[in-house]
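Computation of the quantities below employed the complete heavy-atom set of this structure, encompassing side-chain atoms and omitting hydrogens, waters and symmetry-equivalent molecules.
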Amino acid sequence: NAFYYSEIEMRPAAIKNSIKYLVLHKENIYSPIENEILLFIYKKLNAKFDGSKLLVYSENEKKLFLKSNLVNKNKISVVGIPRTDGPISFKKKAPKNKILYFLIEENRGLPSYLLNIINRTNKLPTNILKKIKKFSKEKNYWKKMSEHTEKYLIKFAKKNPKFQIIFKGKVGVHEHKFQNILLPDNIKLIKSGTGEKYLKDCKIVIAFNTTAMFEAIAAGRELIIPNYSYNKKKFEKSFLINMHKKYLANNLRNLDNKIKKAIRQKYVYRKYSPYEKKILDYYIGNFQKNASKKLIKNIKELLSKDGSN
């Protein structure tokens, strides 16, 4: 992370002692409103990158750094998310009839989350304040969506005991989920680690406002995005990662139909569509299974240069 305070102090010390300092900036998948807020934060609240090289996962993140004048153009490169090389390789492998559900983060992309990001300032531009003001007191906005999705999947599992479902949680978010609920034997709950490796065997992926959506597309899996159980009239779309409507399940019946249709269909390998290439390149910087190679190439190039910069 280019903004991790404990490491910022190390950069000038490394340069002073002729030690090359490379940062691989963490994964960044943002909704439109997050992009606006982070651009403001980058411009106003961060010091310019003074290391040898900054590697980022996506063109979007590179644009944020350059627009904010936080890094010189010759010091930043896009390598893509290395772990997505795995899902891309899964595309040629037929999956089993399993469902992989990434547990919904109930505040993901919403003001209760965003206000934690911006708590170092009260000088947000008026246009951003207007967008988040009406949601400033909202908490767990996606809670009903999460509960309804999980209730449906548990019911589905009970009706189809031979059908395997994986509930994939996130460290720091879902540790206490289902503590008082006895899940069916055919639902496996995983609360830690990354989830991309489970894409290999799962035909259907249910995910919302997360990198997992793009990993599912990269793996050629059937992606379903819940889009129900919230007030759509009140809701500001800029809090959602913009995805094609073909992925959206607009109610539980729609979710059920999409799952059953995907189960019936035989898996057939196909190349990425122009749209898929575009969003994979924009959000995860990878659709050619070359992110790891680009990372290694950049490291080697930096090490081969004379001097520390």
Asks: Got more than 12 heavy atoms from elsewhere within 6.0 Å of NZ, K159?
Replies: no
Asks: Tell me whether L103 shares a hydrophobic cluster with Y230, the cluster being built from Ile, Leu, Val, Met, Phe, Trp, Tyr side chains joined at under 4.5 Å.
Replies: yes
Asks: Okay, side chain of N160, backbone of F163: is any donor-acceptor separation there less than 3.5 Å?
Replies: no
Asks: Would you find a donor on one side and an acceptor on the other, under 3.5 Å apart, between the side chain of N298 and the backbone of K294?
Replies: yes
Asks: What's the shortest heavy-atom distance between A2 and I8, and which atoms?
Replies: O-CG1, 3.9 Å
Asks: Any idea which heavy atoms bring A207 and A212 closest together, and the distance?
Replies: CB-CB, 4.2 Å
Asks: Look at the side chain of S31 and the backbone N and O of L240, then say whether any donor-acceptor pair between them is shorter than 3.5 Å.
Replies: no
Asks: Does I224 form a side-chain contact (heavy atoms from CB on, under 4.5 Å) with F208? I'd like the steps, not just the answer.
Replies: CA-CA 8 Å; I224 303 174; F208 174 81; over 6 Å; no
Asks: Pick one: which of K48, K43, K63 meets side-chain contact (heavy atoms from CB on, under 4.5 Å) with S68?
Replies: K43
Asks: I'd like to check I204 versus K258 (side-chain heavy atoms, cut-off strictly below 4.5 Å). Are they in contact?
Replies: no
Asks: Keeping the roles fixed (side chain from N251, backbone from N254), state whether a donor-acceptor pair exists under 3.5 Å.
Replies: yes
Asks: Without swapping roles, check the side chain of N209 against the backbone of I241 for a donor-acceptor pair under 3.5 Å.
Replies: yes
Asks: Looking at every heavy atom in both P82 and S292, which two are closest together, and how far apart are they?
Replies: O-OG, 3.6 Å
Asks: Are F239 and E34 side-chain neighbours, meaning at least one heavy-atom pair lies under 4.5 Å?
Replies: no
Asks: Treating N186 as the side-chain partner and Q164 as the backbone partner, does any N or O pair qualify as donor plus acceptor under 3.5 Å?
Replies: no
Asks: Please evaluate residues K168 and E196 with respect to the criterion salt bridge (Lys or Arg N to Asp or Glu O under 4.0 Å), reporting the C-alpha separation (whole Å), side-chain torsions for both, the decisive distance (0.1 Å), and the verdict.
Replies: CA-CA 10 Å; K168 177 65 184 70; E196 79 282 353; over 6 Å; no
Asks: May I ask you to check whether F167 and F102 place their ring centers less than 6.0 Å from one another?
Replies: no
Asks: Can you find a side-chain donor-acceptor pair between N35 and N60 that sits under 3.5 Å?
Replies: yes
Asks: Using the rule that Ile, Leu, Val, Met, Phe, Trp and Tyr join whenever any side-chain heavy atoms are under 4.5 Å apart, tell me whether Y282 and I279 fall into a single cluster.
Replies: yes
Asks: Salt-bridge test for D50 and R11: reply yes if a basic N is under 4.0 Å from a carboxylate O, no otherwise.
Replies: yes
Asks: Could you check whether any side-chain N or O of K73 sits under 3.5 Å from a backbone N or O of L66, counting only pairs where one atom can act as donor and the other as acceptor?
Replies: no
Asks: Answer yes or no for R221 and Y267: cation-pi contact, defined as NZ/CZ to six-membered ring centre under 6.0 Å and angle to ring axis within 45°.
Replies: yes
Asks: Rounded to the nearest 0.5 Å, how far does CD1 of I217 lie from CG of L199?
Replies: 11.0 Å
Asks: Can you check side-chain contact (heavy atoms from CB on, under 4.5 Å) on I29 and T210, steps first, answer last?
Replies: CA-CA 7 Å; I29 306 294; T210 171; over 6 Å; no
Asks: Any chain of hydrophobic side-chain contacts (each under 4.5 Å) joining I181 to L153?
Replies: yes
Asks: Between OH of Y228 and CH2 of W142, what distance do you get to the nearest 0.5 Å?
Replies: 12.0 Å
Asks: Does atom NZ of K91 have more than 12 heavy-atom neighbours, drawn from other residues, nucleotides or ligands, at distances under 6.0 Å?
Replies: yes
Asks: Donor-acceptor check, side chain of S89 to backbone of G86, threshold 3.5 angstrom: yes or no?
Replies: yes
Asks: Less than 4.5 Å apart, any side-chain heavy atom of I206 and any of I225?
Replies: no
Asks: Let me check something: do L303 and L295 share a hydrophobic cluster, defined by ILVMFWY side-chain heavy atoms less than 4.5 Å apart, either directly or through other members?
Replies: yes
Asks: Is it true that atom CG of N242 has more than 12 heavy atoms of other residues, nucleotides or ligands lying nearer than 6.0 Å?
Replies: no
Asks: Please enumerate all residues that pass salt bridge (Lys or Arg N to Asp or Glu O under 4.0 Å) together with K151, with sequence neighbours excluded.
Replies: none
Asks: Stepwise, does the side-chain contact (heavy atoms from CB on, under 4.5 Å) test hold for I88 with Y272?
Replies: CA-CA 10 Å; I88 293 171; Y272 294 123; 3.6 Å; yes
Asks: Could you check whether atom CG of D185 has more than 12 heavy atoms from other residues, nucleotides or ligands sitting under 6.0 Å from it?
Replies: no
Asks: Find the distance between CD (E59) and CG (L64) and round it off to the nearest 0.5 Å.
Replies: 11.5 Å
Asks: Do I166 and Y101 come close enough that some side-chain heavy atom pair is under 4.5 Å?
Replies: no
Asks: Below 4.0 angstrom, N of the basic side chain to O of the carboxylate: do E150 and K177 qualify?
Replies: yes
Asks: Does K278 count as lying over the ring of Y283, i.e. NZ or CZ under 6.0 Å from the six-ring centre, within 45 degrees of the axis?
Replies: no
Asks: Are E106 and M145 side-chain neighbours, meaning at least one heavy-atom pair lies under 4.5 Å?
Replies: no
Asks: Which one of Y57, F65, Y4 satisfies the ring-ring contact (aromatic ring centres under 6.0 Å, His included) criterion with H25?
Replies: F65
Asks: With a 6.0 Å cut-off on ring centres, are H244 and Y275 close enough?
Replies: yes
Asks: Do you see a donor-acceptor pair shorter than 3.5 Å between the side chains of E215 and T211?
Replies: no
Asks: Determine whether a donor-acceptor pair (N or O, by modelled atom type, separation under 3.5 Å) exists between the side chain of K232 and the backbone of N227.
Replies: yes
Asks: Could you measure the distance from the OH atom of Y42 to the CG atom of L70? Nearest 0.5 Å is fine.
Replies: 8.0 Å
Asks: Only one of L54, L302, L55 passes side-chain contact (heavy atoms from CB on, under 4.5 Å) with S77; say which it is.
Replies: L55
Asks: Please name the pair of heavy atoms, one in I284 and one in A218, separated by the smallest distance, quoted to 0.1 Å.
Replies: CD1-CB, 4.5 Å
Asks: Pair E276, K271 - check salt bridge (Lys or Arg N to Asp or Glu O under 4.0 Å), show working.
Replies: CA-CA 9 Å; E276 289 170 334; K271 294 182 179 181; over 6 Å; no
Asks: Carefully, step by step, assess K98 and K203 under the rule side-chain contact (heavy atoms from CB on, under 4.5 Å).
Replies: CA-CA 6 Å; K98 291 183 179 182; K203 189 177 187 181; over 6 Å; no
Asks: How far does CD of E147 sit from CD1 of I104, to the nearest 0.5 angstrom?
Replies: 10.5 Å
Asks: Looking at every non-hydrogen atom in both residues, tell me the closest pair between D85 and A291 and how far apart they are.
Replies: OD1-N, 3.2 Å
Asks: Between E222 and K261, is there a side-chain heavy-atom distance shorter than 4.5 Å?
Replies: no
Asks: Hey, is the main chain of A262 close enough, under 3.5 Å, to the side chain of Q265 for a donor-acceptor pair?
Replies: no
Asks: First locate atom CG of L100, then atom CD1 of I165, and finally report the distance between them rounded to the nearest 0.5 Å.
Replies: 10.5 Å
Asks: Could you tell me whether the side chain of I259 reaches within less than 4.5 Å of the side chain of D256, counting heavy atoms only?
Replies: no
Asks: Do M243 and L223 touch side chain to side chain, with heavy atoms closer than 4.5 Å?
Replies: yes
Asks: Between D281 and K277, is the salt bridge (Lys or Arg N to Asp or Glu O under 4.0 Å) condition met? List the steps.
Replies: CA-CA 6 Å; D281 188 47; K277 288 181 180 179; over 6 Å; no
Asks: Shortest non-hydrogen contact from G51 to I15?
Replies: C-CD1, 4.4 Å
